[in-house]
Amino acid sequence: MKKEQVVNCQFSVWYPIFKNHTIKSLILPLPPNVIDYLLDDGTLVWSDDESTATVTAPEFPEFNAKVLEAINALDGHVFPKLNWSSPRDANWIALNSSLQCCSLSEVFLLFKSSDFITRDLTQPFIHCNDDSPDPAIQYELVLRKWSELIPGGEFRCFVKENKLIAISQRDYTQYYSHISSQEDIICQAILKFFREHIQYKFLDEDFVLDVYQDSQGRVWLIDLNPFGKVTDSLLFTWEELTSGNSLTANQADNAQQERPEFRYTTSEVTVQPSPCLSYRIPRDFVDLSTGEDPYKLIDFLKLKKGQQEDEETEEEV
Ligand SMILES: Nc1ncnc2c1ncn2[C@@H]1O[C@H](COP(=O)(O)OP(=O)(O)OP(=O)(O)O)[C@@H](O)[C@H]1O
């Protein structure tokens with residue numbers, strides 16, 4: 001994979017091209033001091049002076065005002081991303097285990113807890129095999145209008161030389177009966193969407209797009225990713241997708257009819273644990289971070305700190 005492919009898949013590059021077919025979003029350049037804060041290993045610092053805990057993140061008044069204005073323009077609830085990734089691996093820390101944010105501090109909490117966000121900031125070209133110098137990146141905060149997407153409606157589409165060669169159910173850990181019963185209809189709707197709105201319109205001829213079919217059957221673009229290892233190949237392997245050989249015995253038939261290979265989880269027996277599970281912390285801790293009180297987790301941390309200090313004092317005595 002070339003660095004240029006990664007550069008082209010930044011949100012601010014693809015969004016203007018496909019604006020009419022995706023979720024409304026706003027892009028704010030990330031000021032350098034905010035990037036430094038996100039990268040700072042001191043992570044989350046909580047003040048414990050008063051009975052009401054507050055997050056003692058540095059203040060960024062100007063940036064905060066811009067973010068709040070953007071959130072308001074997107075009806076008050078947003079899904080946050082950086083140039084490529086969302087903090088999908090950090091949802092356990094948020095209120096209600098959701099990526100939904102209403103303020104900059106909620107965005108910070110997710111971003112600072114996410115390995116995917118750190119990878120965007122520190123190693124965006126990790127899977128590239130050309131030895132050209134790393135292109136300069138202007139980091140950006142992407143705020144997308146919050147939309148309740150049903151996981152069974154999400155599909156990942158692999159495009160090679162501007163042809164849609166493969167489609168995978170995105171949430172492959174679950175079995176969705178409507179997918180097997182409507183396989184043809186779903187596949188045709190995605191192919192039609194691709195041909196009418198995506199094909200030949202992007203800067204590269206190889207890429208991966210995530211789409212969503214809503215309850216009315218309408219297809220939307222959710223995200224665009226590089227065609228290569230940095231992107232999860234889900235129910236395919238990258239060897240299959242890149243080798244040029246047939247994906248399956250059906251591929252000759254599919255090619256004749258210009259139909260992509262469509263894979264989905266076919267029975268409940270194959271249901272697997274969630275891929276982000278390894279990013280999580282123990283259940284007790286998760287319980288503390290969910291629920292009605294956003295500061296429960298903070299209180300817990302304070303409690304632990306307090307106990308530690310008591311123990312230390314006892315030792316000294
Ligand atoms: N605007 C939105 N509102 C609510 N949920 C969303 C929104 N956009 C995306 N999601 C959910 O978050 C998931 C991840 O979104 P997205 O593909 O943009 O993130 P990503 O980090 O780039 O993921 P990947 O690394 O798999 O490409 C989607 O599968 C979808 O379920």
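Both counts, for ligands and for their atoms, begin at 1 and track the order of listing.
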* Asked: So, do F207 and W14 sit near enough that their side-chain heavy atoms are less than 4.5 Å apart?
  ->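 With C-beta onward as the side chain, the pair stays apart.
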* To do: For atom CG of L203, decide whether the heavy atoms of other residues, nucleotides or ligands shown that lie under 6.0 angstrom number more than 12.
  =>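 Result for CG/L203: enclosed.
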Option nearest [atom] (shortest heavy-atom distance, choices [options]):
{"atom": "atom 21 (O) of ligand 1", "options": "S86, S114, P80, S25", "answer": "S86"}
{"atom": "atom 3 (N) of ligand 1", "options": "S147, G153, S85", "answer": "S147"}
{"atom": "atom 26 (O) of ligand 1", "options": "E148, R170, R144, K145", "answer": "R170"}
{"atom": "atom 22 (O) of ligand 1", "options": "V78, D223, L234", "answer": "D223"}
{"atom": "atom 8 (N) of ligand 1", "options": "Y212, F79, W220, F116", "answer": "F79"}

For ligand 1, indicate whether the residue [X] contacts it via side chain, backbone, both or neither (heavy-atom separation under 4.0 Å).
{"X": "W84", "value": "backbone"}
{"X": "W146", "value": "both"}
{"X": "R119", "value": "neither"}

* Asked: Going by heavy atoms, is D232 under 4.0 Å from ligand 1?
  -> no
* Asked: Is there a donor-acceptor pair closer than 3.5 Å between any side-chain N or O of K66 and the backbone N or O of L28?
  ->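 Not a single qualifying donor-acceptor pair exists.
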* Distance flag, aromatic centroids of F158 and F236, threshold under 6.0 Å -> yes
* Output the list of atoms in ligand 1 that are nearer than 4.0 Å to some heavy atom of I23, sorted by atom number. =>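 Every atom of ligand 1 under 4.0 Å from some heavy atom of I23: 1 (N).
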* Ligand-residue contact atoms, ligand 1 with N225, heavy atoms, under 4.0 Å ->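 Taking each heavy atom of N225 in turn, ligand 1 has 27 (O) under 4.0 Å.
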Counting non-hydrogen protein atoms only, what is the nearest one to [atom]? Give residue, atom name and distance.
{"atom": "atom 18 (O) of ligand 1", "result": "K81 NZ, 2.9 Å"}
{"atom": "atom 14 (C) of ligand 1", "result": "R88 CD, 3.6 Å"}
{"atom": "atom 30 (C) of ligand 1", "result": "E154 OE1, 3.2 Å"}

* To do: Would you verify whether the NZ or CZ of R144 falls within 45 degrees of the ring axis of W146 while also being under 6.0 Å from that six-membered ring's centre?
  => no
* Asked: How are the rings of F18 and F202 set relative to one another: parallel (under 30°), tilted (30 to 60°) or perpendicular (over 60°)?
  ->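 Ring orientation of F18 relative to F202: tilted.
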* Should the pair F108 and Y37 be assigned to parallel (<30°), tilted (30 to 60°) or perpendicular (>60°) ring geometry? -> perpendicular
* Restricting to pairs with a member in residues 129-138, which pass salt bridge (charged side-chain N to carboxylate O under 4.0 Å, His left out), not counting sequence neighbours? ->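 For residues 129-138, and leaving out neighbouring residues, the salt bridge (charged side-chain N to carboxylate O under 4.0 Å, His left out) pairs sorted by first residue read K3-D134.
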* To do: Could you note down all residue pairs passing salt bridge (charged side-chain N to carboxylate O under 4.0 Å, His left out) where residues 177-192 supplies at least one of them, sequence neighbours left out?
  => D184-R259, K192-E196
